[in-house]
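What follows is a set of notes on a single structure, which appears directly below.
This one's a predicted model, so the numbers in the text were calculated from it and none came from an experiment.
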Amino acid sequence: MLAAGRLNQRVTLKQQQTTRDAMGAQVVTWQTVATVWAAVEPIRGREFVALRSAQSELTAKITIRHRAGVVPEMRVEHGASVYEIREVIDPKARGESLELMCSAPTEPT
């Protein structure tokens, strides 16, 4: 079971929405899906070295309680930081938690 005290930071899950403005041009916005408690940990040490050798851009692991519908096309906002979700992992395959392997975006959106 996931210890509640470990999830001590608030993050917001967002999903991209594309609409059209009055002139018919596409407008991309990010809609809030949920604000949840999380553990936000930078990837460091051996994990970082292993990922760098695989040409990875992963910079953080964000752990949340299991939630249906979380996909890599979403992003996570944590304070002023915005993370792109690269992979969603159910670490024990029990539906208790999700690990979101994330990277910081290369350009602001």
Side-chain angles (χ1 to χ4, degrees):
M1 181 176 250
L2 187 61
R6 188 168 163 241
L7 306 179
N8 60 3
Q9 300 172 59
R10 294 296 269 177
V11 299
T12 302
L13 298 171
K14 296 211 168 189
Q15 186 164 15
Q16 189 175 17
Q17 299 289 319
T18 304
T19 58
R20 298 219 177 254
D21 66 12
M23 303 297 281
Q26 282 190 343
V27 178
V28 176
T29 58
W30 288 90
Q31 301 294 320
T32 298
V33 173
T35 299
V36 298
W37 290 102
V40 180
E41 305 168 70
I43 293 176
R44 59 183 182 263
R46 253 186 285 177
E47 236 177 353
F48 182 77
V49 171
L51 291 169
R52 288 291 281 170
S53 67
Q55 302 294 334
S56 176
E57 348 172 317
L58 297 177
T59 58
K61 175 172 69 173
I62 300 174
T63 304
I64 63 172
R65 292 200 183 284
H66 192 276
R67 179 179 188 84
V70 178
V71 294
E73 290 77 21
M74 293 177 165
R75 72 181 189 185
V76 178
E77 293 183 3
H78 176 242
S81 300
V82 178
Y83 296 96
E84 303 294 331
I85 300 173
R86 298 293 180 207
E87 190 171 348
V88 179
I89 301 167
D90 181 348
K92 295 183 180 175
R94 292 189 197 154
E96 293 176 359
S97 65
L98 294 176
E99 290 179 352
L100 311 178
M101 303 307 289
C102 300
S103 66
T106 54
E107 56 187 65
T109 55

Do [X] and [Y] have side-chain heavy atoms sitting under 4.5 Å apart?
{"X": "D90", "Y": "L98", "result": "yes"}
{"X": "R65", "Y": "V36", "result": "no"}
{"X": "V88", "Y": "M74", "result": "no"}

Point-to-point distance, once rounded to the nearest 0.5 Å, from [atom1] of [X] to [atom2] of [Y]:
{"X": "I62", "Y": "L7", "atom1": "CD1", "atom2": "CG", "value": "12.0 Å"}
{"X": "C102", "Y": "K61", "atom1": "SG", "atom2": "NZ", "value": "11.5 Å"}
{"X": "E41", "Y": "R6", "atom1": "CD", "atom2": "CZ", "value": "5.0 Å"}

Just to verify, what does [X] make a side-chain hydrogen bond (donor to acceptor under 3.5 Å, both in side chains) with, not counting sequence neighbours?
{"X": "T12", "answer": "T35"}
{"X": "Q9", "answer": "H78"}
{"X": "Q31", "answer": "T29"}

| note | Closest heavy-atom pair, P72 versus R86, reported as atoms and distance to 0.1 Å, is CB-O, 4.0 Å
| Nearest heavy atoms of D21 and M23, plus distance in Å | OD1-N, 2.9 Å
| Joint hydrophobic cluster, V71 plus L100, side-chain heavy atoms closer than 4.5 Å | yes
| Taking only residues two or more places apart in sequence or in another chain, which ones pass side-chain contact (heavy atoms from CB on, under 4.5 Å) with A60? | Y83
| request: Under the side-chain contact (heavy atoms from CB on, under 4.5 Å) rule, collect the residues that match up with Q26, sequence neighbours excluded. | output: T18, R20
| Going through the checks in order, is the side chain to side chain contact (heavy atoms under 4.5 Å, CB included) test met by W37 and R10? | CA-CA 5 Å; W37 290 102; R10 294 296 269 177; 2.8 Å; yes
| field | Set of residues satisfying salt bridge (Lys or Arg N to Asp or Glu O under 4.0 Å) with respect to E77, sequence neighbours excluded | value | K14, R75
| I64 vs V76, side chain to side chain contact (heavy atoms under 4.5 Å, CB included): CA-CA, chis, key distance, verdict | CA-CA 11 Å; I64 63 172; V76 178; over 6 Å; no
